[in-house]
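Note sheet for the following structure.
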Number of protein chains: 2
Amino acid sequence: MYTPDDIDLKLLRQLQKNANITIKELANLTNLSNTPVHERIKKLERNGYIKQQVVLLNRNLLGKKLIVFCNVKLKEHTKEIGNRFVKDITSLKQVTECYNISGDFDFLLKVMVDDMEAYQDFVLNDLGKVKNIGSAHSTFVMGEIKYSTEIPI
Amino acid sequence: MYTPDDIDLKLLRQLQKNANITIKELANLTNLSNTPVHERIKKLERNGYIKQQVVLLNRNLLGKKLIVFCNVKLKEHTKEIGNRFVKDITSLKQVTECYNISGDFDFLLKVMVDDMEAYQDFVLNDLGKVKNIGSAHSTFVMGEIKYSTEIPI
DNA sequence: ACTGAAAGACGTCGAAT
DNA sequence: ATTCGACGTCTTTCAGT
């Protein structure tokens, strides 16, 4: 098992802020030359520390004005029913995040849609088709204060 | 104001899945040559549709085993107190997301830490220093079912 | 607005230390 | 494990349609 050292962590911190940065710039920041920087990044990728490289889009410009956190409780808590729910919910593209949580509810969904009408449609046509949902409670996002994909390292 | 057409949307869908894809590959997918693909991407960047290019890291490998959703209610709801809270909370690196929400609480924080001990430390030393918090309720993540940065377009 | 090709920059690899 | 240098590929630009 591979453990990143301080230089690796420095590279990861830079890359999760801006993946466009060139190897040459990273080499300057770490006082190394291209090759070791390149090899370190490849090693971090091979070992699963770097999962993916993506662009982040502006959801408002693309019409996705509404985020809703939807708390869901299942009717029963058997393994089969849980697995089925996970499979169904994962396939819904409006559900960008889903967590199994502690407390009064079983799952927390982050749902991204155009507007309130689209959310109503989501609840009726998408969530409505998912079996064994006992209850659901929606919390509406009025303002996005902070959104970061950075892991605090 | 610029509005993306179907080809632009196709490019955006690809790029938010994988920003490593080459312009040549995107050109093949859209039956275009390099130049228009390159120009379209630059235009989408200039117009703010593409905000950022980042790598996504594996939080578990980096020791961030615990995510907590923390619901916060302020003591008072004046503009000054709200602004101050936003400023304070935004500066905390463990708070990766923060939303102003409807319902019994005012804000929902997504907090990422190593473990329960680190969360206790966060609540006492970081959240504890933020003024005007009336009450806070923590929901612990037991399992991450889905996490995607993709905007559903 | 797109094609095709040319120029330049960058990622990538091998030899050497 | 790092440096240097060379090669190949991709981004980027430009003339032409």
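Heavy-atom basis, side chains included; hydrogens, waters and symmetry copies ignored.
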Using 4.0 Å as the upper bound for N to carboxylate O, is an ion pair formed by B:R13 and B:E150?
no

Using a strict cut-off of less than 4.0 Å between a Lys/Arg side-chain nitrogen and an Asp/Glu carboxylate oxygen, indicate whether A:D8 and A:R40 qualify as a salt bridge.
yes

For [X] and [N], give me the distance from atom [atom1] to atom [atom2], rounded to whole Å.
X     : N      : atom1 : atom2 : value
A:K42 : D:dT2  : NZ    : P     : 17 Å
A:L26 : C:dC10 : CG    : P     : 12 Å
A:I23 : D:dT9  : CD1   : P     : 17 Å
A:N20 : C:dA9  : CG    : C1'   : 14 Å
B:N28 : D:dT11 : CG    : P     : 12 Å

Student check: side-chain heavy atoms of B:V68 and B:T139 closer than 4.5 Å:
no

List for me each residue that meets ring-ring contact (aromatic ring centres under 6.0 Å, His included) alongside B:Y99, sequence neighbours excluded, and say none if there are none.
A:F69

Counting only heavy atoms and a strict 4.0 angstrom limit, can you tell me which residues of residues 9-19 of chain B come near DNA chain D?
none

Within less than 4.0 Å of OP1 or OP2 of C:dG11, is there a side-chain N or O belonging to A:H38?
no

Over 12 foreign heavy atoms within 6.0 Å of NZ, B:K51:
yes

Gap between atom CG of B:L127 and atom CD1 of B:I133 - 0.5 Å precision
4.0 Å

Just by distance, no angles: are the side chains of A:N18 and B:Q52 close enough, under 3.5 Å, to form a donor-acceptor pair?
no

Determine, using the 4.5 Å side-chain heavy-atom cutoff (strictly less than), whether A:V54 and A:Y49 are members of one ILVMFWY cluster.
no

A correct 5'-to-3' footprint of nucleotides 1-8 of chain C, with B, S and - meaning base, sugar-phosphate only and no protein heavy atom under 4.0 Å, is SSBB----

